[in-house]
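Here is the structure we will look at, set down as structure tokens.
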Protein chains: 2
Amino acid sequence: MELDETDRKILRILQSDARTPFSEIARRIDMSSATVHDRVGRMEDAGVIEGYHAKVNAKAVGYGVSALVGLRVEQGREEDALEQLREIEGVTEIHLTTGEWDVMLKVAAADTDSLRDLMFDRVANMEGFSRSQTMIILGTDYETDGLPI
Amino acid sequence: MELDETDRKILRILQSDARTPFSEIARRIDMSSATVHDRVGRMEDAGVIEGYHAKVNAKAVGYGVSALVGLRVEQGREEDALEQLREIEGVTEIHLTTGEWDVMLKVAAADTDSLRDLMFDRVANMEGFSRSQTMIILGTDYETDGLPI
DNA sequence: GTTGAAAAAATATTGAG
DNA sequence: CTCAATATTTTTTCAAC
């Protein structure tokens, strides 16, 4: 799908606040809200907009520790490994990467004890597991609302 | 702020679809929409809900390559480095981590050329830079809408 | 805290340029 | 594609339990 500058403006607004009323988006980009409605619908259908998500404070819901985890997986066992990783509660992202690690995870856990359980009981025991490195996130300095559009 | 099971149900719904009408949330959790409205407002005020963001397909807006980047920063130059990193367009996350790297970035770029420019011209030239490792994301296997609540 | 009901505002739809 | 007008829904407010 081709996006013009109007579409991009709408995306910028929805990326920073997904609950902005169409009427206000319309005011800001100087078009009617029917047009905004139409364009948003088309971008949703085309998969340009993949969803709308509330960002929840991790600590408020009991997640005190986050980490990035690098994983080496045995050759030929990648699919097995991924399947098991997807089942682990607390694993919020699974990326396949080049470089030192085959897989990079982002995980959330209640505390360090629970992170240890996650890593030792679940990750290290899965089939195809080779080795891992856990990088605990001491703090997130900065996080954009999404992409620079 | 204390969250009860009702709050958590609301968070789950908004995390998976931030534009779900309060009236529908009310139906699903079997309460009035006035209650949902009240609770959402309080969670917003308390910082439990940090925002609502549209998820935009990176390729659709011209970002063909993403990477995780590990960085070593010279002792005592951390603040300088972070300040510069925040200014680099395409850097979408900056985490301070334990382990092999001091800082982990998530970056988005149009293509590998543009990623090279980002890394060589911007990141590698910044003050306090020591060394880095770029892990190109070949694919994202799985990404939850947020935290398991 | 919760609710139903009223008022205000927003979204969805339609038809035409 | 865009718009104005209309119909439908939702959000917001508020008195009352």
Side-chain angles (χ1 to χ4, degrees), chain A residues 1-63 110 144-149, chain B residues 1-63 110 144-149:
Chain A
M1 180 188 181
E2 277 282 311
L3 301 178
D4 63 16
E5 186 51 30
T6 301
D7 291 322
R8 289 171 170 271
K9 280 181 187 162
I10 294 170
L11 289 177
R12 264 196 292 273
I13 293 168
L14 289 176
Q15 206 177 225
S16 77
D17 182 1
R19 291 179 67 101
T20 311
F22 290 178
S23 55
E24 197 197 319
I25 299 176
R27 257 195 305 282
R28 287 207 239 162
I29 67 174
D30 206 42
M31 296 220 163
S32 76
S33 60
T35 299
V36 174
H37 178 259
D38 185 58
R39 283 172 177 260
V40 169
R42 270 185 296 117
M43 290 194 284
E44 287 173 352
D45 292 344
V48 174
I49 296 174
E50 296 178 337
Y52 304 96
H53 306 288
K55 191 169 161 200
V56 175
N57 183 287
K59 285 206 181 102
V61 290
Y63 291 97
T144 59
D145 296 335
L147 303 159
I149 297 175
Chain B
M1 181 186 179
E2 279 281 309
L3 301 179
D4 62 15
E5 185 52 29
T6 302
D7 291 321
R8 289 170 170 273
K9 279 181 188 161
I10 294 171
L11 289 177
R12 264 195 293 272
I13 293 168
L14 288 176
Q15 207 179 224
S16 78
D17 182 1
R19 291 178 66 102
T20 312
F22 290 179
S23 56
E24 195 196 320
I25 299 176
R27 259 194 303 280
R28 287 208 239 163
I29 68 175
D30 207 41
M31 297 223 163
S32 77
S33 61
T35 299
V36 175
H37 179 259
D38 185 58
R39 283 173 177 259
V40 169
R42 271 185 296 116
M43 289 194 284
E44 286 173 352
D45 293 343
V48 174
I49 296 174
E50 297 178 337
Y52 305 96
H53 306 288
K55 192 168 161 199
V56 175
N57 182 288
K59 286 205 181 101
V61 289
Y63 291 97
T144 59
D145 295 334
L147 303 157
I149 297 176

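In what follows, every chain begins at residue 1, and chains take the letters A, B, ... in the order their sequences are listed.
Each end of the helix from C:dG1-D:dC17 to C:dG17-D:dC1 gets its own axis from five base pairs, and the two axes differ in direction by 30°, given to 10 degrees.
Comparing C:dT11, D:dC1, C:dG1 against the side chain of A:D38 picks out D:dC1 as the nearest. The listed nucleotides are D:dT11, C:dT3, C:dA10; the one nearest the side chain of A:P21 is C:dA10. Which of C:dT3, D:dT12, C:dG1 sits closest to the side chain of B:R39 comes down to C:dG1.
Atom-to-atom, CZ of B:F22 to P of D:dT13 comes out at 11 Å; the value is rounded to the nearest Å. Atoms CD1 (A:I29) and C1' (D:dC1) sit 12 Å apart, rounded to a whole Å. Whole-Å rounding puts the A:K9 NZ to D:dT2 P distance at 12 Å. Distance, B:M31 CE to C:dG4 P: 12 Å, rounded to whole Å. Regarding A:D30, its CG atom lies at a distance of 15 Å from the C1' atom of D:dC1, rounded to whole Å. Rounding to whole angstrom units, CD1 of residue A:I25 and P of C:dA9 are separated by 18 Å. Computed from coordinates, the A:I10 CD1 to C:dT11 P distance equals 13 Å when rounded to whole Å. Atom CG in B:D17 sits about 13 Å away from atom P in D:dT10, given to the nearest Å.
Look at A:R19 and you won't find any side-chain N or O under 4.0 angstrom from OP1 or OP2 of C:dA10. OP1 or OP2 of D:dC1 has not a single side-chain nitrogen or oxygen of A:T35 nearer than 4.0 Å. Phosphate proximity of C:dT11 to A:H37: absent, as no side-chain N or O sits under 4.0 Å from OP1 or OP2.
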Show your reasoning for whether salt bridge (Lys or Arg N to Asp or Glu O under 4.0 Å) applies to B:E24 and B:R19. CA-CA 10 Å; B:E24 195 196 320; B:R19 291 178 66 102; over 6 Å; no
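Annotation for A:T20 and A:D17: closest pair OG1-O, 2.7 Å, computed over non-hydrogen atoms. Considering every non-hydrogen atom in both B:V56 and A:L147, the closest pair reads O-CD1, 3.9 Å. Taking every heavy atom of both residues into account, B:A26 and B:S32 meet most closely at CB-C, 3.6 Å.
At a threshold of 4.0 Å, the pair B:D30-B:K9 does not count as salt-bridged, since none of the basic side-chain nitrogens sits closer than that to a carboxylate oxygen.
Among the heavy atoms of the strands lying under 4.0 Å from A:S23 are primed sugar atoms or P, OP1, OP2 only; no base atom is included.
Within the 4.5 Å cutoff, the side chain of B:V36 has no heavy atoms near those of the B:R28 side chain. Proximity of B:I149 to B:L3: side-chain heavy atoms (C-beta onward) are nowhere separated by under 4.5 Å. At a threshold of 4.5 Å between non-hydrogen side-chain atoms, the residues B:T35 and B:I29 do not count as touching.
Contacts between residues 46-54 of chain B and DNA chain D, defined by a heavy-atom separation below 4.0 Å, involve no residue at all.
Nearest-nucleotide positions on DNA chain D place A:R42 closer to the 5' end than the other of A:R42 and A:A34.
With hydrogens and angles left out, the side-chain atoms of A:Q15 and A:D145 include no donor and acceptor closer than 3.5 Å.
Here the straight-line distance linking atom CG of A:L14 with atom NZ of B:K55 works out to 15.5 Å at 0.5 Å rounding.
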